[in-house]
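Step one of this worksheet: look at the structure below.
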Amino acid sequence: MTAGIYAARKKLNALLISKDFVGQVGKSSLIENWPGIKKISGLDLLEKFKDHLESFMVDINEGEEVIEIRKKKDFFEVKTTEKDRYFTKSIIVSSGTNPRFLEIPGEKEFVGKGVSYCTTCDSPFFKGKKVAVIGGGNAGFEAALDLSQYAKKIHILEFSSEVKADEFLVERVKKDKKSEILLSVQAKEIKGNDLVSSLIYQDNKSKKTKELKVDGVFIMIGNVPVGGFVKKLVDFNERGEIKIDSLTHQTKTKGLFAAGDVTDIPYKQVVIAAGEGAQAALSCYDYLKKIKK
Ligand SMILES: Cc1cc2nc3c(=O)[nH]c(=O)nc-3n(C[C@H](O)[C@H](O)[C@H](O)COP(=O)(O)OP(=O)(O)OC[C@H]3O[C@@H](n4cnc5c(N)ncnc54)[C@H](O)[C@@H]3O)c2cc1C
């Protein structure tokens with residue numbers, strides 16, 4: 001969205017294609033680190049971004065997914081779910097990340113039946129229920145705080161012997177009597193009939209297997225970058241992030257830029273992704289000016 005705003009201000013003939021206007025921001029219940037706004041829900045911040053974007057003359061195709069991008073001589077060919085193809089001289093990829101799957105028995109089977117990757121979306125369904133949160137990083141601890149408004153008991157399970165979340169989040173969760181933190185444990189299986197009824201986990205030290213009676217399992221173990229549709233034109237690092245030149249945001253293919261969580265730039269935050277979007281759009285503008293000459 002920031003790249004779109006900058007492209008419009010430079011009067012580029014730009015089209016923004018997005019599967020949705022939710023992204024990860026929309027999955028965050030509370031954002032407290034967007035400068036100028038002390039506290040805002042992710043969905044409200046998104047509305048502000050969208051409103052700002054729409055005030056410029058940017059063409060927006062919402063609900064359209066890019067399937068493949070190919071390079072053809074001096075042009076890129078973009079295939080989507082909605083249209084056969086678009087042709088363009090330059091592209092900014094900012095497709096972010098998807099949640100990482102746990103890949104244990106029962107996970108896929110119970111998605112939407114107790115297994116979730118988004119507390120902002122699903123917490124209200126767990127009013128008065130017991131839930132497990134897998135992952136003791138920032139996302140897991142934020143999830144526990146979201147769930148605490150509804151659930152009666154929250155078990156946070158972390159694989160390593162210490163939590164990875166920021167100290168201020170850990171303090172907030174510890175003050176909340178509903179949450180219990182289990183360290184050095186590994187989720188093994190999600191069980192149930194029509195809906196989730198329990199989680200099987202192993203204690204890494206004793207190797208003993210235990211069962212937690214829960215109605216929901218929230219999986220918060222990180223994210224996987226979404227760059228498959230551009231795989232023939234970019235290099236990826238070991239985390240699957242698109243490698244870019246940190247000054248220009250260009251990938252290994254001339255005219256193809258990337259920004260936000262899909263790139264190998266460290267620290268995944270809204271303000272950083274937005275800054276990267278601005279940088280990529282400005283570099284893209286310089287690139288187009290150069291090739292026009
Ligand atoms: C639960 C949670 C809480 C968070 N809390 C905070 C916080 O408090 N503060 C903070 O600064 N950061 C927070 N973050 C991180 C922040 O949300 C991300 O760093 C930021 O959203 C990254 O922006 P992005 O545009 O790169 O990617 P995303 O937000 O992931 O957006 C990518 C967009 O691309 C679209 N897309 C993907 N593939 C395609 C395709 N093939 N075709 C078309 N469109 C596609 C997606 O639908 C999506 O709209 C949080 C993240 C999560 C998950």
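Just so it is clear, the model here is predicted, and its values are computed rather than measured. For ligands, and for the atoms within them, numbers begin at 1 and follow the listed sequence.
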Please list the nearest protein heavy atom to [atom] with its residue and the distance rounded to 0.1 Å.
atom: atom 46 (C) of ligand 1; value: Asp20 OD1, 4.0 Å
atom: atom 41 (N) of ligand 1; value: Val66 O, 3.0 Å
atom: atom 15 (C) of ligand 1; value: Lys268 O, 3.8 Å
atom: atom 26 (O) of ligand 1; value: Asp261 N, 2.9 Å
atom: atom 1 (C) of ligand 1; value: Lys27 O, 3.7 Å
atom: atom 23 (O) of ligand 1; value: Ala273 CB, 3.5 Å
atom: atom 33 (C) of ligand 1; value: Ser94 O, 4.0 Å
atom: atom 7 (C) of ligand 1; value: Asn33 OD1, 4.0 Å

*Answer yes or no: is there a donor N or O on one side and an acceptor on the other, between the side chain of Asn237 and the main chain of Lys243, under 3.5 Å?*
no
Taking the side chain as C-beta and beyond, is there a heavy-atom pair between [X] and [Y] under 4.5 Å?
X: Lys71; Y: Leu256; value: no
X: Tyr117; Y: Ile219; value: yes
X: Ile221; Y: Phe159; value: no
X: Lys39; Y: Leu30; value: yes
X: Glu142; Y: Thr119; value: no
X: Leu233; Y: Lys252; value: no
X: Val170; Y: Phe141; value: yes

Nearest candidate to [atom], where distance is taken over non-hydrogen atoms, out of [options]:
atom: atom 4 (C) of ligand 1; options: Ser28, Gly26, Ala139, Ser18; answer: Ser28
atom: atom 38 (N) of ligand 1; options: Ser95, Gly227, Gly140; answer: Ser95
atom: atom 11 (O) of ligand 1; options: Val25, Val270, Val271, Ile272; answer: Val270
atom: atom 28 (P) of ligand 1; options: Gln24, Glu65, Met1, Glu276; answer: Gln24

_Distance flag for atom 50 (C) of ligand 1, protein heavy atom under 4.0 Å_ = no
*Could you tell me whether atom 17 (O) of ligand 1 has at least one protein heavy atom nearer than 4.0 Å?*
yes
*Ignoring hydrogens and angles, state whether a donor on the side chain of Gln24 or Thr97 is under 3.5 Å from an acceptor on the partner side chain.*
yes
*Just checking, is any N or O donor in the side chain of Glu276 or Thr263 under 3.5 Å from an acceptor N or O on the other one?*
yes
*Identify whether NZ of Lys or CZ of Arg in Lys10 sits under 6.0 Å from the centre of the six-membered ring of Tyr285 and within 45° of that ring's axis.*
yes
_Among residues at least two apart in sequence or on other chains, which ones pass ring pair (Phe, Tyr, Trp, His ring centres under 6.0 Å) with Phe110?_
none
_Residues that Tyr201 engages under ring pair (Phe, Tyr, Trp, His ring centres under 6.0 Å), provided they are two or more places apart_ = none
For [X], take its heavy atoms, then give the atoms of ligand 1 lying under 4.0 Å from any of them.
X: Glu142; value: 3 (C), 4 (C), 5 (N)
X: Leu30; value: 8 (O)
X: Val226; value: 38 (N)
X: Phe229; value: 41 (N)
X: Gly23; value: 29 (O), 31 (O), 48 (C), 49 (O)
X: Glu64; value: 43 (C)
X: Gly260; value: 26 (O)

_Just to be sure I read this right, does ligand 1 sit under 4.0 Å from the backbone of Val262, its side chain, both, or neither, counting only heavy atoms?_
neither
*Should the pair Glu68-Arg70 be classified as a salt bridge under the 4.0 Å nitrogen-to-oxygen rule?*
yes
*asked:* Any nitrogen or oxygen of Asn223, side chain or backbone, less than 3.5 Å from one on ligand 1?
replied: no
